[in-house]
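This report refers to the structure that appears directly beneath it.
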Amino acid sequence: MAEVILESVYKHFGSVTAVKDFNLHIEDEEFMVFVGPSGCGKTTTLRMVAGLEEVSEGTLRIADRVVNDVPPKDRDIAMVFQNYALYPHMNVYQNMSFGLRLRKTPRAEIEKRVHEAAEILQIEHLLERRPRELSGGQRQRVALGRAIVREPKVFLMDEPLSNLDAKLRVEMRASISKLHQRLGVTTIYVTHDQVEAMTMGTRIVVMKDGVIQQVDSPINLYDKPVNRFVAGFIGSPAMNFMVGDVQGDRLRSPYFDIEPDAELSQKLQAYNGKKVFVGVRPENLGLKGYTTIPERDNVIKASVEVVEPLGAETHIIASVGGDQTVVARIDPHAEVRTGDQIELLANNSFVQAFDMEGEANIRYA
């Protein structure tokens, strides 16, 4: 079993605490993604698992063994870096086999592992080339191959796709996901890109300021965010937020009037007369006259600032009350121009409300 367990883990850099009370149980063969903005502690946590940073407090276990004081080379892990970290004077075969040669693995075993990994990654024809003769995507496959031949208990990947162009990132996302399905090795993957996190992770850890905000499946993070930060971080375009008043069973402001569904209405009873953050995702907004969302008086009055035709859909960026901005995904054939005064309809089944103080999601509190 290659479980990875972090119990009450902290990381201090002098007076600064980069990771705080981190508790996580990563199951054997799981693909766990750490996601969050720059400086949130995700890479520091990964480096503690790798042994490249010491654990200041708490316990770190890999495969039932406490590894707090175990050197990186003895943790049975393999790491894939953002910058590939290939040796420029070695060809692909030599790069992939380097770690095995250091361990004095028999030559026949090295040959077998390297060619198996090259076949999996479709780089057999590149084994004699040097890194400078490879594209970015090919170099990343070589870096993955070097990790595969180690046959580790855990793969650690630190933003491995961030240096690739958009099209190649999509291809490599699929390749890494297929690789995980084929090998079944426990994987911890760090990224700042929530699209990568959503498409690749079995579960996702959302971090902010060194603290875990939520650990859940991609769909639950999207549909049931525990707080405003998670709701705003997961999703592209991001969830829209507006300030409104709870008045009876409605969410109101001078610019919108929304009747939430029964579940949220019940929870809002404790907030009657108070202000809350109202959250609604761009795909849950429709342009009046061009949407199947029932009206039910769930109207948001807005002024169009930007129109972005994307072919299959159109995004509009609109001002609500002059100081709040919303993004809506609308029918690509809708006739709308910059400066138009419009009415957007909100699908009340997907409207969220967040406490103004702790920013907790009231629907799931």
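Every heavy atom of this structure was used, including side-chain atoms; hydrogens, water molecules and symmetry mates were not.
- A perpendicular orientation is assigned to the rings of H89 and Y87, their planes being inclined by more than 60° (bins at 30° and 60°).
- The existence of a salt bridge linking E263 and K267 is excluded, since no basic side-chain nitrogen approaches an acidic carboxylate oxygen closer than 4.0 Å.
- The side-chain hydrogen bond (donor to acceptor under 3.5 Å, both in side chains) pairs that include a residue from residues 65-81 number zero, where partners must be two or more places apart or lie in different chains.
- Side-chain contact between P237 and R329 is present, with at least one heavy-atom pair separated by less than 4.5 Å.
- In this structure the side chain of M48 never reaches within 4.5 angstrom of the side chain of L6, judged on heavy atoms.
- Heavy atoms from other residues, nucleotides or ligands lying under 6.0 Å from NE2 of H125 number more than 12.
- The closest donor-acceptor contact from the side chain of S177 to the backbone of R173 lies under 3.5 Å.
- Using a 4.5 Å heavy-atom threshold, the side chains of V278 and V351 count as touching.
- Between the T44 side chain and the A18 main chain, no donor and acceptor come within less than 3.5 Å of each other.
- Of the residues listed (I234, I204, V206, L221), the one engaging D216 in a side chain to side chain contact (heavy atoms under 4.5 Å, CB included) is L221, and it is the only one.
- A salt bridge between R363 and D261 is present, with a side-chain N of the basic residue lying under 4.0 Å from a carboxylate O of the acidic one.
- For the pair S97 (side chain) and L100 (backbone), a donor-acceptor distance under 3.5 Å is absent.
- Nearest heavy-atom pair across P72 and G51 is CG-O, 3.4 Å.
- No side-chain donor-acceptor contact under 3.5 Å links D249 to the backbone of E259.
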E196 and Y189: side chain to side chain donor-acceptor pair (under 3.5 Å), yes or no, with the steps?
CA-CA 10 Å; E196 275 183 29; Y189 187 103; 2.8 Å; yes

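- Using a distance-only test at 3.5 Å, with no hydrogens or angles considered, a donor-acceptor pair links the side chain of N95 to the main chain of M90.
- R113 is linked by a salt bridge (Lys or Arg N to Asp or Glu O under 4.0 Å) to E109, E151, counting only residues two or more places apart in sequence or in another chain.
- Checking each of N347, L285, N348 against I293 for a side chain to side chain contact (heavy atoms under 4.5 Å, CB included) leaves exactly one that passes, namely N347.
- Nearest approach of Y93 to H115, heavy atoms of both residues: CE1-NE2, 4.2 Å.
- The shortest side-chain heavy-atom distance between T187 and L179 does not fall under the 4.5 Å cut-off.
- Checked for salt-bridge contact, R252 and D257 meet the test: a charged N lies under 4.0 Å from a carboxylate O.
- At a threshold of 4.5 Å between non-hydrogen side-chain atoms, the residues M242 and F277 do not count as touching.
- I148 is listed as a side-chain neighbour of L121, based on a closest heavy-atom distance under 4.5 Å.
- Ring orientation note: the planes of F241 and F354 are nearly perpendicular, at an angle over 60° on the 30°/60° scale.
- Residue-environment remark: CD (E7) exceeds the threshold of 12 foreign heavy atoms within 6.0 Å.
- In the hydrophobic clustering, V327 connects to V306, I317, either directly or through intervening members, whenever side-chain heavy atoms lie under 4.5 Å apart.
- Put simply, the side chain of E27 does not reach to within 4.5 Å of the side chain of T202, judged on heavy atoms.
- Other residues, nucleotides and ligands place no more than 12 heavy atoms under 6.0 Å from the CD atom of Q266.
- Between M32 and V4 the shortest side-chain heavy-atom distance does not fall below 4.5 Å.
- Within the model, atoms CZ of R337 and CD1 of I316 stand 12.5 Å from one another, a figure rounded to the nearest 0.5 Å.
- Of all heavy-atom pairs spanning A147 and V80, the tightest one is CB-CG2, 3.9 Å.
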